Q: 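Here it is, the structure, as C-alpha cells.
Worth saying up front: this structure is predicted, and the values here are computed from it rather than measured.
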2 protein chains.
Amino acid sequence: MASPPEQVARPATIRDVAAAAAVSIGTASKALNGRGRMRDETRDRVLAAAERLGFRPNPLAQGLLAGRTYTVGLVTGDSYGRFSIPVMLGAEDALGAGQISVFLCDTRDDPIRERHYLDRLLARRVEGIIVTGRRTEPRPGIGHDLPVPVVYAMTQSTDESDYSIIPDDRGGGVLATRHLLATGRTRVGHVTGPEGFQAARERAAGLTATLAEAGLEPAGEILFGEWSEEWGRQAADILLHAAPDVDAVFCGSDQIARGVAETLRERGRRVPDDVALAGFDNWEPMALGCRPPLTTVDMNLGEIGRLAARHLLDAIAGKPVPSGVHTVPAALVPRASTRRSI
Amino acid sequence: MASPPEQVARPATIRDVAAAAAVSIGTASKALNGRGRMRDETRDRVLAAAERLGFRPNPLAQGLLAGRTYTVGLVTGDSYGRFSIPVMLGAEDALGAGQISVFLCDTRDDPIRERHYLDRLLARRVEGIIVTGRRTEPRPGIGHDLPVPVVYAMTQSTDESDYSIIPDDRGGGVLATRHLLATGRTRVGHVTGPEGFQAARERAAGLTATLAEAGLEPAGEILFGEWSEEWGRQAADILLHAAPDVDAVFCGSDQIARGVAETLRERGRRVPDDVALAGFDNWEPMALGCRPPLTTVDMNLGEIGRLAARHLLDAIAGKPVPSGVHTVPAALVPRASTRRSI
DNA sequence: ATGAAAGCGCTAACAG
DNA sequence: CTGTTAGCGCTTTCAT
C-alpha cells in the first residue's frame with residue numbers, strides 16, 4: 001500500500017498560508033504582520049490558515065531582509081561557573097525578555113579558543129557580545145575593530161574606552177565592616193585571598209577605610225593568602241596569636257570564613273558571642289553549611305548580568321552609552337554568625 | 001568639507017567581492033567554496049578580494065538556502081547551576097566542534113517559561129534541543145509533536161521513547177562501597193538525601209548490593225534525610241548511636257559527608273583512621289575543603305553533556321538512534337578521607 | 001483592498 | 001572556464 005503523499009514535517013511557509021487562504025503572498029504577509037489595510041474577513045482568513053498550518057515565519061528570511069539576527073554572543077571563560085553562571089543567567093534573562101537569543105560559548109580561559117569563538121559569533125552576525133569572567137582582574141579587551149558592541153561583565157577590559165561592569169568589592173567591604181561595627185565590635189581582623197587579586201585588595205580597602213572612619217585599625221595585619229578553607233584555618237591561628245583580643249573577623253570569601261570558623265571553634269572562641277564572623281560571596285551551600293550560618297556579602301551577580309545586557313541592548317540600538325568601569329552595589333546578608341546573643 | 005562616501009561598517013557581501021575581483025557573483029561563490037573548476041588565477045583573485053574586504057558569508061542567507069540553521073537549543077531549569085553547568089559546557093564543547101552553535105535558555109524550572117522558550121527555539125528553527133535539569137528525577141517530556149529531536153541530559157523524560165542520559169548513581173554507589181571494602185572496612189553506614197530522590201535511592205542500592213555481595217549489611221539503618229551539611233551532622237550522631245562500631249560512612253553527597261566528618265571529629269573518631277569517609281559529587285570546593293580531603297564519586301557531568309550532544313547530532317543527521325534512559329559511568333576520586341594511615 | 005514584483009545574500013543548475 | 005538565472009522565505013513598494 002502506498003502511503004499517501006503526506007507532507008513531511010517541512011515547516012509551512014508564507015506561501016502555503018497564502019495558498020490556503022487564497023490570497024497573494026504579499027497580502028498574507030500584511031495580514032500576518034498587521035501592516036496595511038484590508039478587509040477584516042481577509043485578514044481573519046489568512047490568520048486562520050496560518051494557525052491551521054502552524055505557520056511560523058522563518059527568522060532567517062526575516063533576518064536576511066532586515067539585516068538583523070536578534071542574537072548576541074555570550075563568551076565565558078569561567079568553566080567552573082561559580083561566578084559567571086549567575087551573570088550569564090542574568091544576562092540571558094534581560095535579553096530574553098527583549099526577544100534576543102543568546103549564543104553560549106565557553107572559551108575555557110584559552111585565548112585561542114576565545115579568538116575562534118569570536119570569529120564564529122561574528123560570522124553568525126551576532127549584534128553584540130558579552131564577555132564574562134571569573135575574576136574581576138583587568139584583561140585585554142577583545143578588540144576594537146569589532147563591528148558590534150562589546151560589554152565586559154564580572155571582568156574588566158584594560159581599555160578605558162570599553163564598558164565593563166563588575167561588583168563593588170570595596171562597597172561590599174564597607175557594608176560588612178559597618179555591620180560588624182554596628183554589632184559593637186571594635187577589634188576587627190581581616191583574612192582574605194591573594195593580594196594579587198583586585199577583589200581582595202578592594203574588599204580590604206573597604207574594611208580599612210570604614211575602620212578608619214571610626215578611628216579604628218584592623219586587628220592584626222591584614223592576612224592575604226589563598227581563596228581556600230585551609231588558608232582560613234591557618235590564618236585564624238595567625239590572627240589569634242597576633243591579636244588575641246580580636247572580636248570580629250571579616251573574610252574575603254565564604255570559604256575562607258568557614259576555615260576561620262572552624263579554627264575559632266577549636267580554639268574555644270564562640271561565634272558570634274566571642275567573635276563575629278562575616279564572609280563574602282553569599283555562596284549559599286558554603287554560607288548556610290557554616291556553623292553558625294554565615295553573615296556574608298552578596299555581589300548581586302544576576303544584576304551585573306542584567307545591567308550588562310541592558311547596556312548592550314542600548315548600544316545595539318545605537319543609543320549613546322558610557323564607557324569605563326562601572327560597579328554594582330553589593331548587599332549584606334545577615335545571618336547568625338554576627339548576631340550577638342543577649 | 002564633505003567627508004568621502006566612506007563605506008560604513010556594512011559587512012561585505014559576495015556581490016562586493018565579485019565586483020572587486022571583476023567576476024560574476026556565481027563565479028565568486030564557486031571560488032569561495034572551492035566548488036567547480038576555474039583558472040587558479042581567477043580563484044586567487046576572488047580569494048584575495050574576499051580577504052581584503054573581510055568577507056564573511058552571511059549565515060542567514062546560507063541557512064535560508066540550505067534549509068538549516070546549524071543551531072541547537074539548550075534548555076536548562078537549573079538556575080543554580082551546580083549540576084547542569086558542567087553538562088551544558090560538555091554539550092557546548094561537543095557541538096561547537098561541529099560548527100553548531102548553542103542557544104542558551106534558562107527556564108528557572110518554570111513550565112510556562114519552558115514552553116515559551118521552546119516556542120522561541122522552534123521559531124528560530126533550531127535543529128535539535130537538549131533539556132538539562134538539576135535532578136535526575138523523571139519529568140514529563142516536552143512533547144513529541146516537536147519537529148526536531150530532543151535529548152534529556154541529567155534529567156529524564158517519563159516517556160520511554162525519549163532519549164535520556166543520566167549519571168550512573170547506582171554504579172557510583174558500587175564504586176564507593178567497593179573502595180571502602182578494599183580499605184578493609186566492614187561496618188559501612190550510609191547517610192544520604194531524601195528518599196524521594198531517585199539519585200539517593202540508587203546510590204543506596206549500589207551500596208547495599210555491593211555489601212551483600214561481600215556478605216555484609218549496612219551498619220545501622222540507611223539514613224535518608226536532606227542534601228545538607230546540617231543533616232550530615234545530625235545523621236552522624238544517629239549512626240554512631242545505632243552502630244558504634246561503624247568504621248566507614250558512605251554519604252550521598254559531599255555536603256552531607258562534610259557534616260558527617262565534623263560530627264565524627266567532635267565525637268573523637270578520627271577520619272580515616274577510625275572511620276573512612278566517602279562522599280558523592282566531587283564538588284571540589286566542598287570535597288577539598290573537608291578535613292581531611294574527601295574521597296568521592298565523580299559523575300562525569302561533562303561527559304554526560306558531550307554524549308547528549310553527540311546523540312543529538314546523530315539524530316539530526318537522521319541516523320537511527322536509540323531511545324530510553326542511558327547512564328554514564330561514574331568515577332571514584334580517592335583522597336585522604338579513606339586512606340588508611342599505616 | 002489586493003496582487004505583482006523586486007530584492008535581502010547566497011548557491012546551484014545550466015548556458016555560453 | 002565563466003556568466004546568467006532561478007529561487008530559498010519573507011517584506012515592501014508600487015500598481016491595479
Side-chain angles (χ1 to χ4, degrees), chain A residues 7-47 49-50 53-71 99 122-127 147, chain B residues 7-47 49-50 53-71 99 122-127 147:
Chain A
Q7 204 66 331
V8 275
R10 179 179 64 77
T13 72
I14 198 172
R15 201 221 246 21
D16 304 326
V17 175
V23 295
S24 75
I25 292 182
T27 304
S29 172
K30 274 179 271 189
L32 291 167
N33 296 293
R35 227 63 58 94
R37 231 184 299 290
M38 66 204 318
R39 242 185 308 166
D40 282 354
E41 191 272 327
T42 310
R43 185 181 306 277
D44 292 346
R45 193 149 37 90
V46 173
L47 293 178
L53 273 56
F55 168 77
R56 327 273 295 233
N58 185 326
L60 273 62
Q62 288 180 312
L64 182 55
L65 207 52
R68 299 197 51 180
T69 56
Y70 301 96
T71 60
Q99 300 288 357
L122 294 176
R124 283 216 178 260
R125 300 285 206 275
V126 294
E127 299 184 18
Chain B
Q7 206 65 330
V8 275
R10 178 179 65 77
T13 73
I14 198 172
R15 200 221 245 23
D16 303 326
V17 174
V23 296
S24 76
I25 291 182
T27 303
S29 173
K30 273 181 273 190
L32 291 166
N33 296 293
R35 230 60 61 90
R37 232 184 299 289
M38 66 205 312
R39 242 187 308 167
D40 281 355
E41 191 271 327
T42 310
R43 185 180 306 276
D44 292 346
R45 192 149 37 89
V46 172
L47 292 178
L53 273 56
F55 169 76
R56 327 275 296 237
N58 185 326
L60 274 63
Q62 289 180 312
L64 181 56
L65 205 53
R68 299 196 52 181
T69 57
Y70 301 95
T71 60
Q99 301 286 7
L122 294 176
R124 282 217 179 259
R125 300 285 205 275
V126 294
E127 300 184 18

Q: Output yes when at least one side-chain N/O atom of Asn33(A) is less than 4.0 Å from OP1 or OP2 of dT11(D), else no.
A: yes
Q: For Ala28(B), enumerate each residue passing the side-chain contact (heavy atoms from CB on, under 4.5 Å) test, keeping only those at least two apart in sequence or located in another chain.
A: Ile14(B), Ala18(B), Val23(B), Val46(B)
Q: Can you spot which of Thr69(A), Thr71(A), Leu64(A) makes a side chain to side chain contact (heavy atoms under 4.5 Å, CB included) with Arg125(A)?
A: Thr69(A)
Q: May I have all residue pairs that pass side-chain hydrogen bond (donor to acceptor under 3.5 Å, both in side chains) and include part of residues 58-68 of chain B, sequence neighbours excluded?
A: Arg68(B)-Glu127(B)
Q: To check you understand the geometry: which heavy-atom pair defines the closest contact between Ala12(B) and Asp16(B), and what is its length?
A: CA-OD2, 3.3 Å
Q: Could you check which residues of residues 59-67 of chain A get a heavy atom under 4.0 Å from DNA chain C? Sort them by number, please.
A: Leu64(A), Leu65(A)
Q: Please name all residues satisfying salt bridge (charged side-chain N to carboxylate O under 4.0 Å, His left out) with Arg45(A), sequence neighbours left out, ordered by chain then number.
A: Glu41(A)
Q: With a cut-off of less than 4.0 Å, is there a side-chain N or O of Thr13(A) near OP1 or OP2 of dG9(D)?
A: no
Q: Write out all pairs satisfying salt bridge (charged side-chain N to carboxylate O under 4.0 Å, His left out) with one or both partners inside residues 19-29 of chain A, taking only residues at least two apart or from two chains.
A: none
Q: For Arg15(A), enumerate each residue passing the side-chain contact (heavy atoms from CB on, under 4.5 Å) test, keeping only those at least two apart in sequence or located in another chain.
A: Thr13(A), Ile25(A)
Q: Kindly compute the distance separating CG (Leu65(A)) from CG (Leu60(A)), expressed to the nearest 0.5 Å.
A: 12.0 Å
Q: Calculate the interatomic distance between Arg125(B) atom CZ and dG9(D) atom C1'; express it in whole Å.
A: 9 Å
Q: Check Ala50(B) against Leu32(B) and note the closest heavy-atom contact, atom names and distance.
A: CB-CD2, 3.7 Å
Q: Between P on dT2(D) and CG on Asp40(B), what's the gap in Å once rounded to a whole number?
A: 10 Å
Q: Can you measure Leu32(B) atom CG to dT2(D) atom P for me and round it to whole angstrom units?
A: 14 Å
Q: Bend across the helix from dA1(C)-dT16(D) to dG16(C)-dC1(D), to 10°, with axes taken over 5 pairs at each end?
A: 60°
Q: Can you check nucleotides 13-16 of chain D for protein contacts, nitrogen or oxygen pairs under 3.5 Å, and list what you find?
A:
none

Q: Among pairs that include at least one residue of residues 54-65 of chain B, which meet salt bridge (charged side-chain N to carboxylate O under 4.0 Å, His left out), considering only residues two or more places apart or in two chains?
A: none
Q: Which two nucleotides bound the region of DNA chain C that has atoms under 4.0 Å from heavy atoms of chain A, read 5' to 3'?
A: dA1(C) to dG9(C)
Q: For Pro57(A) and for Ala22(B), find the nucleotide of DNA chain D with the closest heavy atom, then tell me which residue's nucleotide is more 5'.
A: Ala22(B)
Q: Could I get the full list of side-chain hydrogen bond (donor to acceptor under 3.5 Å, both in side chains) partners for Arg43(B), not counting sequence neighbours?
A: none
Q: Closest approach of Asn33(B) and Ser29(B), non-hydrogen atoms and distance?
A: ND2-O, 2.7 Å
Q: Can a side chain N or O of Arg15(A) be found less than 4.0 Å away from OP1 or OP2 on dC8(D)?
A: yes
Q: Name all residues meeting the side-chain contact (heavy atoms from CB on, under 4.5 Å) criterion together with Gln99(A); count only those two or more places apart in sequence or in a different chain, and write none if there are none.
A: Arg120(B)
Q: In whole angstroms, how far is the P atom of dC1(D) from the CD1 atom of Ile25(B)?
A: 22 Å
Q: Does Thr27(B) place a side-chain N or O at less than 4.0 Å from the phosphate oxygens OP1/OP2 of dC1(D)?
A: no
